[in-house]
Amino acid sequence: MDTLRIAGEAISSRLWMGTARYPSPQVLLEALEKGQPGLVTVSVRRLNLQAPQETFLDLLLGKYRLLPNTAGCYTAEEALFLAELAREALQTSWIKLEVIHDEHTLWPEAEQLLAAARELKRRGFVVLAYAPDDVAVCQRLADAGCDAVMPLAAPIGSGQGIKDPERLLLIRHKLAGWPLVIDAGIGSAADAALAMELGYDAVLVNTAIAEAQNPPLMAEAMRLAVEAGRKAWLAGRIPRISYARPSSPLEGLPF
């Protein structure tokens with residue numbers, strides 16, 4: 001059984017989906033139905049946790065496994081506050097940790113990120129950390145006890161796809177056996193398949209689905225791409241060589 005497990009718990013699908021930027025709650029629900037994500041991220045900042053009926057949160061509770069995130073935080077203190085708020089309101093110790101450097105790049109702030117990760121683990125959280133595609137930072141997050149490390153493929157919402165597959169492959173090799181999830185920058189189903197072929201355990205997609213011309217259809221495409229990419233990784237690709245090889249054997253031919 002090829003089951004993804006994080007913190008000892010099985011995750012039903014290797015496609016994870018965000019909930020922002022959709023044209024309407026109805027389109028969001030249709031996309032989720034087609035994508036069948038294992039986790040659905042929600043921004044704690046954007047939700048009225050005391051009155052879920054005022055947001056789309058009441059449409060998701062009980063139907064999907066929610067993963068609250070600390071999007072929009074610039075310091076460890078802000079992230080810790082939102083994590084505690086989410087734990088109390090949603091009754092989950094799982095948190096997607098985001099601490100960014102600035103509003104223009106939305107790049108992870110390594111120092112504050114690591115400080116928040118260590119403190120959240122001390123408080124008993126299951127931490128899934130959004131990280132730069134930097135092998136040293138990813139290694140430190142794993143050493144801090146993060147239950148999954150989530151390096152970006154490209155800047156958030158950019159749709160640029162996987163900019164540096166070699167760097168992501170290096171992270172995969174360095175953190176062999178550690179849950180790794182591609183987070184941010186995915187633009188197409190081909191990007192999702194490539195992420196899985198690099199050996200990553202899951203892919204989180206938001207903007208590429210939400211802002212597609214047909215979000216439900218794109219969600220379905222992403223789900224199938226993730227499944228295909230995972231099977232390709234498990235099957236093992238042929239080695240790359242610099243010369244041609246005939247697909248039919250030449251031995252025994254009359255000429």
Side-chain angles (χ1 to χ4, degrees), residues 3-73 78-100 116-117 120-121 123-131 146-150 156-157 179-184 186 192 201-210 215-216 218-220 222-223 226:
T3 302
L4 172 59
R5 291 187 177 275
I6 295 177
E9 297 189 30
I11 308 299
S12 62
S13 171
R14 294 175 185 272
L15 173 64
W16 303 355
M17 292 172 59
T19 52
R21 298 179 176 271
Y22 282 87
S24 70
Q26 183 59 38
V27 174
L28 167 62
L29 292 177
E30 292 174 4
L32 291 172
E33 181 66 27
K34 289 291 187 180
Q36 290 298 300
L39 290 173
V40 175
T41 62
V42 291
S43 173
V44 181
R45 281 185 181 275
R46 295 194 302 115
L47 300 177
N48 184 348
L49 298 175
Q50 304 306 318
Q53 68 277 4
E54 295 180 5
T55 67
F56 60 82
L57 186 60
D58 63 321
L59 303 175
L60 306 180
L61 287 170
K63 190 171 184 180
Y64 296 100
R65 181 165 186 168
L66 300 184
L67 177 63
N69 68 38
T70 62
C73 291
E78 291 177 347
L80 293 170
F81 173 78
L82 286 185
E84 291 288 4
L85 187 64
R87 179 158 64 176
E88 181 179 352
L90 299 178
Q91 297 298 299
T92 179
S93 61
W94 285 50
I95 193 74
K96 183 195 169 198
L97 175 61
E98 297 184 34
V99 184
I100 57 174
L120 285 170
K121 289 304 300 179
R123 298 184 187 186
F125 281 87
V126 173
V127 180
L128 296 81
Y130 165 61
C146 289
D147 300 273
V149 179
M150 306 176 67
I156 291 176
L180 292 177
V181 181
I182 291 294
D183 180 12
I186 294 295
D201 297 288
V203 174
L204 173 59
V205 186
N206 191 156
T207 307
I209 296 176
M218 184 61 79
E220 183 179 18
M222 291 291 184
R223 174 174 57 82
V226 166

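Everything quoted here is computed from the prediction, not taken from an experiment.
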Trainee: For a 4.5 angstrom cut-off between non-hydrogen side-chain atoms, does V40 reach K63?
Mentor: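 A side-chain contact is absent here, since even the closest heavy-atom pair is not under 4.5 Å.
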
Trainee: Can you give the donor-acceptor pairs under 3.5 Å from side chains of residues 27-38 to other protein atoms, not counting sequence neighbours?
Mentor:
residue : atom : partner : partner atom : Å
E30     : OE2  : Q26     : NE2          : 3.3
Q36     : NE2  : E33     : O            : 2.8

Trainee: Run through V44, L85, T41 and flag the one making a side chain to side chain contact (heavy atoms under 4.5 Å, CB included) with P68.
Mentor: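 For P68, the side chain to side chain contact (heavy atoms under 4.5 Å, CB included) check succeeds only for V44.
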
Trainee: Do you know the tightest heavy-atom contact between I156 and A184?
Mentor: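 The answer is CG1-CB, 3.6 Å.
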
Trainee: Test of understanding: with salt bridge (charged side-chain N to carboxylate O under 4.0 Å, His left out), list the residues that count as partners of E84, not counting sequence neighbours.
Mentor: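 Applying salt bridge (charged side-chain N to carboxylate O under 4.0 Å, His left out) to E84 gives R87, R123.
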
Trainee: To the nearest 0.5 Å, how far apart are OG in S12 and CG in L39?
Mentor: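 So the gap between those two atoms works out to 7.5 Å.
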
Trainee: Using side-chain heavy atoms (C-beta onward) and a distance below 4.5 Å, is Y130 in contact with N69?
Mentor: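 They are not in side-chain contact.
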
Trainee: Just wondering, do D201 and R14 contact through their side chains at under 4.5 Å, heavy atoms?
Mentor: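 The answer is yes, as the side chains (C-beta and beyond) meet within the 4.5 Å cut-off.
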
Trainee: Is there a side-chain contact between V126 and E9 (heavy atoms, below 4.5 Å)?
Mentor: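 V126 does not reach E9 side chain to side chain.
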
Trainee: I need the minimum non-hydrogen distance between G72 and I100, along with the two atoms involved.
Mentor: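 For G72 and I100, the tightest heavy-atom pair comes out as CA-CD1, 4.4 Å.
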
Trainee: Could you check if a side-chain atom of L120 sits within less than 4.5 angstrom of a side-chain atom of L80, using non-hydrogen atoms only?
Mentor: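 The answer is yes, as the side chains (C-beta and beyond) meet within the 4.5 Å cut-off.
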
Trainee: Considering all heavy atoms of both residues, which atom of L204 and which atom of G18 are nearest to each other, and what is their separation?
Mentor: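 Closest approach of L204 to G18, heavy atoms only: CD1-N, 4.0 Å.
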
Trainee: Check step by step if side-chain contact (heavy atoms from CB on, under 4.5 Å) holds for R65 and T92.
Mentor: CA-CA 10 Å; R65 181 165 186 168; T92 179; over 6 Å; no

Trainee: State the CZ-CD1 distance between R223 and I209, to the nearest 0.5 angstrom.
Mentor: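 The distance works out to 11.0 Å.
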
Trainee: Are any non-hydrogen side-chain atoms of M222 and I186 less than 4.5 angstrom apart?
Mentor: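 The answer is yes; the side chains approach within 4.5 Å.
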
Trainee: Could you tell me if the side chain of W16 sits less than 4.5 Å from the side chain of N206, heavy atoms only?
Mentor: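 Answer no - side chains too far apart.
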
Trainee: Do L128 and L67 come close enough that some side-chain heavy atom pair is under 4.5 Å?
Mentor: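 Of all side-chain heavy-atom pairs linking L67 with L128, at least one is under 4.5 Å.
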
Trainee: Taking all heavy atoms of T3 and all of A10, pick out the closest pair and write down the distance.
Mentor: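 Scanning both residues, the minimum pair turns out to be CG2-CB, 3.7 Å.
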
Trainee: What's the spacing between D147 CG and K121 NZ if we round to 0.5 Å?
Mentor: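 So the gap between those two atoms works out to 3.5 Å.
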
Trainee: Which pair of heavy atoms, one from F125 and one from S93, lies closest together, and at what distance?
Mentor: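 Smallest interatomic distance, heavy atoms only, reads CD2-O, 3.1 Å.
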
Trainee: Please check: side-chain N/O of T70 versus main-chain N/O of E98, any donor-acceptor pairing under 3.5 Å?
Mentor: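 Yes, T70 side chain to E98 backbone: donor-acceptor pair under 3.5 Å.
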
Trainee: Drop me the distance from L82's CG to S43's OG, to the nearest 0.5 angstrom.
Mentor: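 It comes to 7.5 Å.
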
Trainee: So which heavy atom on A79 is nearest to which on V99, and how close?
Mentor: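 In this case the closest contact between A79 and V99 is CB-CG2, 3.9 Å.
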
Trainee: To the closest 0.5 Å, what do you measure between OH (Y64) and CE (M17)?
Mentor: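 Y64 OH to M17 CE: 8.0 Å, rounded to 0.5 Å.
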
